[in-house]
Asks: 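Sharing a structure with you now.
Index from 1, following the sequence.
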Amino acid sequence: LASCLLRSFGVTDLGARPGVQSKSAMKNRVGCIRGDDALADVIAAIATEECCVDELDLDGSKPSPIRVVELAAALRVNRSITRLALQNIVVGREGTAALSAALAVNTSVATLELSHSTFEPEGWAAMADMLKASGTITALTCSMPTKKAEANGPLVAAVATAVTATRSIATLDLGYVVLSPTDRELLVAAIAASTSLRHLNLKSCALGAAGGAAVAAVLASSQTIVSIDLTTNRLGAKGGTAMGEALAANRSLRRLVLTDNNIGSNVHAIADALKINMTLKYLELGRNGLAKHAVQLFNALKVNRTLATLRLGSNSLDANGGAAFAAALAVNTGLRWVDLTNNALGPVAGEAIGQALRVNRTLGTLCLYATKLKDEGCTAVVQALAVNRSLSDINIDSNASRAPTVHALAEAVKLNGTVTRVDLSEWMWQDKLRTEIEAVCRANARARRAQWTVLTQRGRGLPSVVGRWVVTVMLCIARLAATCVADGVGQEDSVVPVMPTEIWMIVLELLTVGDMMP
């Protein structure tokens, strides 16, 4: 069995040391390297013109100083690797110099990940020089989860220098890099000066209200940044107001994440911005203590027609908030994905949401997990599915437990024709109903050529984990058989033939047992 699984994924070396994937592998990626000898084999393999590896991940490989130098030499030759992950490793002075010199002339690496890696202070400066010289690296990840801001000074200085000087870096990930006030000012100035940055992750960087206001000022005038994540930065009310003002002026931002920032009542600034902003597509405001103030946000959605995804989980929304959301949903034509997880909406709000779903024609995914809808609210929501033709994914888990609600869901899904995914993993329900809903979802998915899933964890069939392993092993064996056929006609490196979608759907149906998830 081990040989079958390894061969099916293109691994040819069955010894103690992992080998490089062959040309017939589905993904040309090398990772999970353990041991200095194994790393030496990998380095020797990528230093050839025949190498077809696209991604090299050295996370946790603990390379010796000599291996780092050898890797640098290989990167001078290699022209296939586009993603290089040097995470969780310690790089000395000699290795840093060799790597920076090699990457400066390498023309294939586009994504460089240095998270959790240890460089000497002058090592970060060398990396900055390398980034300035390289014209191919477009994505840089330097996450560094440490609570000591002073330890991150060399890293932030290097990144700021590179971002200011280069025009190639489009994605910058500094998640969990705690910033001192000085580093914060340096980084914000670099972001403002950049003309290439498009995606920015500053999650858990301790920006505070002042830092949030500074970033907001940059966003107000930015014409390039399309995505920014400011999760857990203690922006507070002041930062929330600044973000709202920036959103009103910005015309490039598509994705904004402000989760866990205690914005509270000052969400009104963001709500006002949504009435005039026509470019934002994704907004995440989970864990911000919005409570009754979320009503202002929902009122803005009656006007806004461009926001497609809204996530408001764990915001202490009550029945009034649920009613306001339902009123907005009834007239909104832009929302495609809404998450109201873990809010005390109550059954009355559930009934209002059900009525709104009867007239809404655009929402595709609705997550009402643990919103205290109870059976009355859940029944109203699922009955709306009999009329609604746009909703394909719904989660009303942890809200009700009585069988009549599940019966109503089964009947509604039959009439709906579009639902392909239902999450009921914590409901205590009968096998017959589960099988019935599975069959309907499967039929809907086949008709729409979409993936189908009914998530269950407490069914009476095989446990989900066992089911997934059975399906995985069977598909691997099928793939091995195809490989053997290819090898038998003298095509040693032939890529495994891809079966038509219809055949795979039949295979998945035949392998479906109990509550397994294909």
Asks: Got more than 12 heavy atoms from elsewhere within 6.0 Å of CZ, Arg83?
Replies: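 Yes - once you tally the heavy atoms of other residues, nucleotides and ligands closer than 6.0 Å, there are more than 12.
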Asks: Does any N or O in the side chain of Asn399 come within less than 3.5 Å of the main-chain N or O of Lys372, such that one atom is a donor and the other an acceptor?
Replies: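 Yes; judged by distance alone, with no hydrogens or angles, the pair exists.
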Asks: Please check if the side chain of Thr141 supplies one atom and the backbone of Asp173 the other of a donor-acceptor pair under 3.5 Å.
Replies: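 Checked: no pair found.
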Asks: Leu202 pairs by side-chain contact (heavy atoms from CB on, under 4.5 Å) with which of Leu187, Val177, Asp229?
Replies: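 Of the listed options, the one satisfying the test is Leu187.
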Asks: Is a side-chain N or O of Asn250 found less than 3.5 angstrom from the main chain of Ala220, in a donor-acceptor match?
Replies: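 No, the answer is negative, given that no donor and acceptor are paired below the 3.5 Å cut-off.
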Asks: Salt bridge check, Arg29 against Asp57: does any charged N sit closer than 4.0 Å to a carboxylate O?
Replies: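 So Asp57 pairs with Arg29 through a salt bridge.
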Asks: Without swapping roles, check the side chain of Ser134 against the backbone of Met130 for a donor-acceptor pair under 3.5 Å.
Replies: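 No; judged by distance alone, with no hydrogens or angles, the pair does not exist.
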Asks: For residues 337-349, please give each side-chain donor-acceptor pair under 3.5 Å, one per line with the distance, not counting sequence neighbours.
Replies:
unit_1	atom_1	unit_2	atom_2	d
Asp339	OD1	Thr341	N	2.9
Asp339	OD1	Thr341	OG1	2.4
Asp339	OD2	Arg311	NH2	3.3
Asn342	ND2	Ser314	OG	3.1
Asn343	OD1	Asn315	N	2.9
Asn343	OD1	Ser316	N	3.0
Asn343	OD1	Leu317	N	3.0
Asn343	ND2	Leu312	O	3.1
Asn343	ND2	Leu340	O	3.0
Asn343	ND2	Thr341	O	3.2

Asks: Treating Arg389 as the side-chain partner and Asn416 as the backbone partner, does any N or O pair qualify as donor plus acceptor under 3.5 Å?
Replies: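 Side chain of Arg389 to backbone of Asn416: a pair is present.
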Asks: Who are the side-chain contact (heavy atoms from CB on, under 4.5 Å) partners of Thr164, not counting sequence neighbours?
Replies: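 Residues passing side-chain contact (heavy atoms from CB on, under 4.5 Å) with Thr164: Ala190, Ala193.
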Asks: Looking only at the side chains, is there a donor atom on one of Glu284 and Thr259 sitting less than 3.5 Å from an acceptor on the other?
Replies: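 Side-chain D/A pair, Glu284 to Thr259: present.
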Asks: So, Ser115 side chain and Ser143 main chain: donor-acceptor pair closer than 3.5 Å or not?
Replies: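 Yes.
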Asks: Which residue, Leu385, Thr362, Val381, Thr365, forms the side-chain contact (heavy atoms from CB on, under 4.5 Å) with Leu391?
Replies: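 One option only clears the test, and that one is Leu385.
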Asks: Say whether Ser180 and Thr182, considering side chains only, have a donor N or O and an acceptor N or O under 3.5 Å apart.
Replies: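 Side-chain D/A pair, Ser180 to Thr182: absent.
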Asks: Can you check whether Leu285's main-chain N or O pairs, donor with acceptor, with Asn288's side chain at less than 3.5 Å?
Replies: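 Yes, the answer is positive, given that a donor and an acceptor are paired below the 3.5 Å cut-off.
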Asks: Can a side-chain donor-acceptor contact be found between Thr279 and Asn277 if the only test is distance below 3.5 angstrom?
Replies: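 Looking only at side-chain atoms, Thr279 and Asn277 do form a donor-acceptor pair, the distance falling under 3.5 Å.
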Asks: State whether the side chain of Asn262 and the backbone N or O of Gly236 hold a donor-acceptor pair below 3.5 Å, judged by distance alone.
Replies: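 Not confirmed, Asn262 side chain does not pair with Gly236 backbone.
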